[in-house]
2 protein chains.
Amino acid sequence: MKENILEKNNWNVKNCPVRNVLDRFGDKWSILIIMVLGERERMRFNELNKEIHDISQKMLTVTLRTLEADGLVKRTVYPEVPPRVEYEITDLGRSLVPYINSLAAWANVNIKEIQESRERYGVTI
Amino acid sequence: MKENILEKNNWNVKNCPVRNVLDRFGDKWSILIIMVLGERERMRFNELNKEIHDISQKMLTVTLRTLEADGLVKRTVYPEVPPRVEYEITDLGRSLVPYINSLAAWANVNIKEIQESRERYGVTI
DNA sequence: TTAGTTGCTTACTTTTAGTATGCAAATATT
DNA sequence: AATATTTGCATACTAAAAGTAAGCAACTAA
């Protein structure tokens with residue numbers, strides 16, 4: 001029924017890198033974890049969990065494993081008891097950090113204006 | 001029971017701009033909408049919906065209203081029938097676009113390596 | 001003997017996002 | 001004159017993502 005030129009030409013679906021990157025990093029925690037790992041060399045699981053204190057253990061595990069699969073984070077298990085697992089950023093992951101930091105800098109500058117706008121808009125959000 | 005130095009010193013909670021920006025733009029659609037509005041001057045609701053063809057109308061509405069509240073997008077309603085509503089990026093929103101585009105450029109370069117890594121990691125994700 | 005340690009996993013609940021339908025009110029079509 | 005179409009939503013409902021709480025292994029310290 002619906003003929004869509006954009007769909008026919010296969011736009012914005014598989015060959016859109018923006019789409020792809022947002023599908024990967026558009027989750028709630030990936031970017032924050034990359035930032036934290038980008039500034040500290042190696043971190044253990046619980047260190048990360050303290051630094052990002054409002055992440056749940058479950059989501060920290062899940063997100064770290066996804067980042068590992070993506071090749072952005074390296075995971076090293078030391079067969080000790082109690083267990084020790086260290087996480088570090090890879091070269092690929094590190095290459096992303098400056099871009100995230102730039103975004104964070106923008107946020108730093110503009111967050112006040114955003115918050116004021118939101119207050120002006122009303123309490124309904 | 002739990003004494004946490006980081007929590008005591010109020011780290012990473014309210015005064016962390018990274019946290020703040022991720023809380024705002026870490027949703028599924030905000031950044032993509034800003035990108036699209038950043039490259040086209042004014043767009044109607046259905047134009048946006050076609051450009052980002054896999055967003056639901058509901059989430060497009062919700063996200064646009066949030067971006068409006070944040071002062072990143074301006075919404076103009078023309079009292080016609082059928083209704084016409086146009087969206088455009090604000091100066092504040094536009095100032096964010098280059099950073100997002102840089103991120104997208106990074107994605108463009110590295111998405112292949114990420115995908116390969118993911119394939120190597122296994123089918124389990 | 002019991003408690004503490006670490007990095008998880010698993011079952012369950014809550015929050016967020018997606019689907020489907022309906023609506024107003026004018027114009028276009030039959 | 002009756003019906004269909006158009007646009008930008010709202011709303012009720014379902015699915016997916018994230019949060020919560022509990023437990024576990026297996027060794028050490030009290």
Side-chain angles (χ1 to χ4, degrees), chain A residues 1-4 7 12-13 19 22-33 36-37 42-70 73-88 121-122 124-125, chain B residues 1-4 7 12-13 19 22-33 36-37 42-70 73-88 124-125:
Chain A
M1 292 300 179
K2 281 180 182 174
E3 290 296 337
N4 189 326
E7 273 182 337
N12 286 331
V13 188
R19 216 50 248 282
L22 287 176
D23 282 351
R24 280 172 198 285
F25 304 119
D27 67 333
K28 203 167 176 182
W29 299 111
S30 291
I31 288 179
L32 192 56
I33 290 176
V36 170
L37 284 176
R42 289 170 143 252
M43 290 182 82
R44 298 183 63 175
F45 184 87
N46 279 342
E47 280 185 276
L48 274 164
N49 209 161
K50 277 170 197 154
E51 182 73 28
I52 309 169
H53 83 287
D54 50 350
I55 195 175
S56 62
Q57 281 193 326
K58 177 190 157 189
M59 288 315 297
L60 184 53
T61 303
V62 168
T63 309
L64 283 169
R65 293 294 166 84
T66 307
L67 291 172
E68 189 196 5
D70 286 347
V73 163
K74 190 185 171 202
R75 179 171 179 265
T76 311
V77 182
Y78 297 90
E80 303 172 0
V81 172
R84 178 159 63 102
V85 182
E86 287 188 349
Y87 295 91
E88 63 189 307
Y121 193 83
T124 28
I125 295 180
Chain B
M1 291 303 179
K2 282 180 184 175
E3 288 297 338
N4 188 327
E7 273 182 337
N12 287 330
V13 189
R19 218 47 248 282
L22 287 176
D23 282 350
R24 281 174 196 284
F25 305 117
D27 66 335
K28 202 167 173 180
W29 299 110
S30 291
I31 287 179
L32 192 57
I33 290 175
V36 170
L37 285 176
R42 287 170 143 252
M43 292 182 83
R44 298 183 62 174
F45 184 86
N46 279 342
E47 281 185 276
L48 274 164
N49 210 162
K50 277 170 199 155
E51 182 74 28
I52 309 170
H53 82 287
D54 50 349
I55 194 175
S56 62
Q57 282 191 327
K58 178 189 159 191
M59 287 316 297
L60 184 54
T61 303
V62 168
T63 309
L64 283 168
R65 294 295 167 82
T66 307
L67 291 172
E68 189 196 5
D70 286 347
V73 162
K74 191 184 171 202
R75 180 172 179 266
T76 311
V77 182
Y78 298 90
E80 303 172 359
V81 172
R84 179 160 63 101
V85 182
E86 287 187 350
Y87 295 91
E88 62 190 308
T124 29
I125 294 180

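Everything numeric in this text was worked out from a predicted model, so none of it was measured. Throughout, protein chains are lettered first and strands after them, A, B, ... in sequence-line order, and every chain is numbered starting at 1.
How far NZ of A:K58 is from OG1 of A:T63: 10.0 Å, rounded to the nearest 0.5 Å. Once rounded to the nearest 0.5 Å, the distance linking CG of B:L48 with CD1 of B:I33 reads 6.5 Å. The distance from atom CG of A:L64 to atom CE of A:M59, rounded to the nearest 0.5 Å, is 10.5 Å. Between A:D27 atom CG and B:D27 atom CG the span is 12.0 Å, to the nearest 0.5 Å.
The phosphate of D:dG19 has OP1 or OP2 within less than 4.0 Å of a side-chain N or O from A:K28. Close to D:dC9, at under 4.0 Å from its OP1 or OP2, lies no side-chain N or O of B:R84. Put simply, B:R44 has a side-chain N or O that comes within less than 4.0 Å of OP1 or OP2 on D:dG8. Side-chain nitrogen and oxygen atoms of B:R65 include at least one within less than 4.0 Å of the OP1 or OP2 phosphate oxygen of D:dC9.
As rounded to whole Å, 8 Å separates atom P of C:dC8 from atom CG of A:L60. For B:M59 and D:dT11, the CE to C1' distance is 15 Å, given to the nearest whole Å. In this structure, CD1 of A:I55 is placed 10 Å from C1' of D:dA18, rounded to the nearest angstrom. Here the P atom of nucleotide C:dT5 and the CG atom of A:N46 are 10 Å apart, to the nearest Å. Atom CZ of A:R42 and atom P of C:dG7 are 13 Å apart (whole Å). C:dT6 atom P lies 14 Å from atom CE of A:M43, rounded to whole Å. The distance between atom CD of B:Q57 and atom P of C:dG22, rounded to the nearest whole Å, is 14 Å. Across the protein-nucleic acid pair, B:L48 atom CG and D:dC9 atom C1' stand 14 Å apart, rounded to whole Å.
No engagement by A:N49 is indicated, since no non-hydrogen atom pair under 4.0 Å with the nucleic acid exists. Among the atoms of the strands shown, only primed sugar atoms or phosphate atoms (P, OP1, OP2) are found under 4.0 Å from some heavy atom of B:T61. Counting non-hydrogen atoms under 4.0 angstrom, B:Y87 reaches the backbone sugars and phosphates but no base.
Of the two residues contacting DNA chain C, namely A:L64 and A:K58, the nearest-nucleotide position lying further toward the 5' end is that of A:L64. For the pair A:P82 and B:V81, nearest-nucleotide mapping onto DNA chain D gives the more 5' position to B:V81.
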B:R75 vs B:R65, side-chain contact (heavy atoms from CB on, under 4.5 Å): CA-CA, chis, key distance, verdict: CA-CA 8 Å; B:R75 180 172 179 266; B:R65 294 295 167 82; 2.6 Å; yes

